[in-house]
**Q** 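Quick one: this structure, given as structure tokens, is what I'll be asking you about.
All values derive from a computational prediction rather than experimental measurement.
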Amino acid sequence: MGMIQTHWRATGARRQLGDRAVPVQGTDVAQLLVRSPRPDHYLDEGHEALAGRIRRLVRETDVDVARCVPLARMYRAANDGPLRTMSGALPHENGWIPLHKARGLAHWQGVAQRGLLVRGESDFSIERIASESVALEFPYQDGTTTLTFDVETWGADGTRTVWEVKRDERDLADRDYRHALAIAAEIFRRCAIGFGVIFRDEIFTSRVHRANAEIFAARAFVRIDRKHVDRLENAAIRRGPRCAYGELAEALEPDAPNFGAALVQALAVRRRVEIDLTGRLHADTPLNIH
């Protein structure tokens, strides 16, 4: 029988499972620190609203770095799976979604978190994605606080980013919570991990973008045979890396255009095809073969 992933703080369930529970590893943040020449390098200048929001969280808060960072701990599951698992019985939407970039099922709470996971699955710049995979514990006021974060992404360029997903500004109304997020942002920065707070209406640029991302994510596990990889590479050799959506679909499956389109979508999730999903897709929509 394989090991069982369970909530990382469910001590009773873990005690009952014994050796079958996936271990959780806590690491002192002091062992992970990375010196940075830029005190604000965790700000993503490509997302002005997000960068400004994190900057504001930190500037309005007097972060006691000398006290918090040496005593902070970062928690991860030994198999890089989720720390926090859901099985229903919550007052809001929750569930699981199979993601190729998550290497299995990803847990989600709330449609906004699910949306960010779907966007990451279809985003060419993201190589891997995980949900509820990292937690921080650090001193706060007269005790300690623990935060488990919604989504973590690994970029193709090697960057790692942790995201906290919120519905809107009202979810940041509590000053103590903003203070805790500011401390978390500073801890992640010192560990060379990006951090962002993203709102529900910032995940997709439009309803078209959302619909495209949902379709591509749903095709992630379409079977791609060796012949399809050969046809993809032959198309790149014959026509160059840039071609049209419909043209590549026909090259992959000449007698089954719908299957060919599904293959293009699955290859996009696997980062063999790069295509802009923010606009409506047509047969002549350009894409790049990688």
Side-chain angles (χ1 to χ4, degrees), residues 2-11 13-14 17 20-29 31-34 42 44 50 54 72-87 90 92-123 125-138 144-166 180-181 183-198 203 217 220 269 271:
M3 301 188 76
I4 299 175
Q5 196 92 38
T6 187
H7 194 295
W8 71 290
R9 299 176 74 183
T11 54
R14 288 186 163 275
L17 288 169
R20 290 189 296 156
V22 174
V24 172
Q25 300 171 334
T27 305
D28 292 337
V29 168
Q31 299 179 26
L32 306 173
L33 296 183
V34 176
Y42 62 90
D44 185 352
L50 303 180
I54 301 304
R73 286 177 66 82
M74 184 180 296
Y75 291 91
R76 292 184 180 277
N79 66 345
D80 292 329
L83 284 172
R84 188 164 64 190
T85 58
M86 286 76 69
S87 58
L90 294 175
H92 51 270
E93 301 94 333
N94 66 95
W96 306 268
I97 181 172
L99 296 177
H100 184 271
K101 291 181 180 178
R103 302 183 176 98
L105 291 174
H107 300 268
W108 58 270
Q109 290 192 69
V111 294
Q113 183 183 6
R114 183 186 180 280
L116 186 58
L117 291 169
V118 168
R119 193 191 78 177
E121 180 82 332
S122 57
D123 188 338
S125 67
I126 293 178
E127 194 169 69
R128 187 183 163 206
I129 193 166
S131 67
E132 317 279 356
S133 62
V134 59
L136 288 178
E137 182 181 77
F138 50 84
T144 60
T145 190
T146 303
L147 296 176
T148 305
F149 298 92
D150 293 323
V151 176
E152 185 174 16
T153 60
W154 288 257
D157 59 358
T159 59
R160 182 181 296 183
T161 306
V162 171
W163 295 96
E164 188 67 6
V165 185
K166 297 300 171 191
L181 287 179
I183 295 173
E186 179 62 15
I187 292 172
F188 281 128
R189 180 188 74 79
R190 289 175 173 239
C191 296
I193 299 175
F195 177 73
V197 176
I198 187 168
I203 296 173
V269 172
R271 303 187 63 255

**Q** If I compare all heavy atoms of W163 with all of V197, which pair ends up nearest, and what's the gap?
**A**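 Heavy-atom minimum between the residues: CE3-N, 4.5 Å.
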**Q** I need the minimum non-hydrogen distance between A184 and F149, along with the two atoms involved.
**A**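 Taking every non-hydrogen atom into account, CB-CZ, 3.7 Å.
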**Q** Do L116 and D150 make a side-chain contact, defined as non-hydrogen atoms from C-beta onward lying under 4.5 Å apart?
**A**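 No, their side chains stay 4.5 Å or more apart.
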**Q** Can you name the nearest heavy-atom pair linking I203 to A112, along with the distance?
**A**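 Shortest heavy-atom contact: CD1-O, 3.1 Å.
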**Q** Do T161 and F188 make a side-chain contact, defined as non-hydrogen atoms from C-beta onward lying under 4.5 Å apart?
**A**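 Contact flag for T161/F188 side chains = no.
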**Q** Is I198 close to R119 at the side-chain level, that is, under 4.5 Å between some pair of heavy atoms?
**A**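 Yes. Closest side-chain heavy atoms under 4.5 Å.
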**Q** Check side-chain hydrogen bond (donor to acceptor under 3.5 Å, both in side chains) between T144 and all other residues, then give those that pass, not counting sequence neighbours.
**A**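 T144 satisfies side-chain hydrogen bond (donor to acceptor under 3.5 Å, both in side chains) with no residue once adjacent residues are dropped.
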**Q** For residues F138 and A72, report the shortest heavy-atom separation together with the two atoms involved.
**A**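 So the two residues come closest at CB-CB, 3.9 Å.
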**Q** Would you mind listing every salt bridge (charged side-chain N to carboxylate O under 4.0 Å, His left out) that reaches into residues 104-114, with sequence neighbours excluded?
**A**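 Checked against salt bridge (charged side-chain N to carboxylate O under 4.0 Å, His left out) - neighbours excluded - the pairs reaching residues 104-114 are R114-E214.
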**Q** Kindly write out the residues that satisfy side-chain hydrogen bond (donor to acceptor under 3.5 Å, both in side chains) with E132, not counting sequence neighbours, or none if the list is empty.
**A**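 side-chain hydrogen bond (donor to acceptor under 3.5 Å, both in side chains) list for E132, sorted by chain: R84, Q113.
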**Q** Using the test side chain to side chain contact (heavy atoms under 4.5 Å, CB included), find all partners of R271 that sit at least two apart in sequence or belong to another chain.
**A**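 For R271 the side chain to side chain contact (heavy atoms under 4.5 Å, CB included) partners, ignoring immediate neighbours, are K101, F124, E127, A156.
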**Q** Please name all residues satisfying side chain to side chain contact (heavy atoms under 4.5 Å, CB included) with A102, sequence neighbours left out, ordered by chain then number.
**A**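 Applying side chain to side chain contact (heavy atoms under 4.5 Å, CB included) to A102 gives L99, A106, I129.
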**Q** Any heavy-atom pair between the side chains of E93 and W108 that's under 4.5 Å?
**A**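 The answer is yes; the side chains approach within 4.5 Å.
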**Q** Considering all heavy atoms of both residues, which atom of V269 and which atom of A220 are nearest to each other, and what is their separation?
**A**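 Closest approach of V269 to A220, heavy atoms only: CG1-CB, 3.9 Å.
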**Q** Scan residues 153-164 for pairs that pass salt bridge (charged side-chain N to carboxylate O under 4.0 Å, His left out), counting only residues two or more places apart or in two chains.
**A**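 Qualifying pairs: E152-R160, E164-K166.
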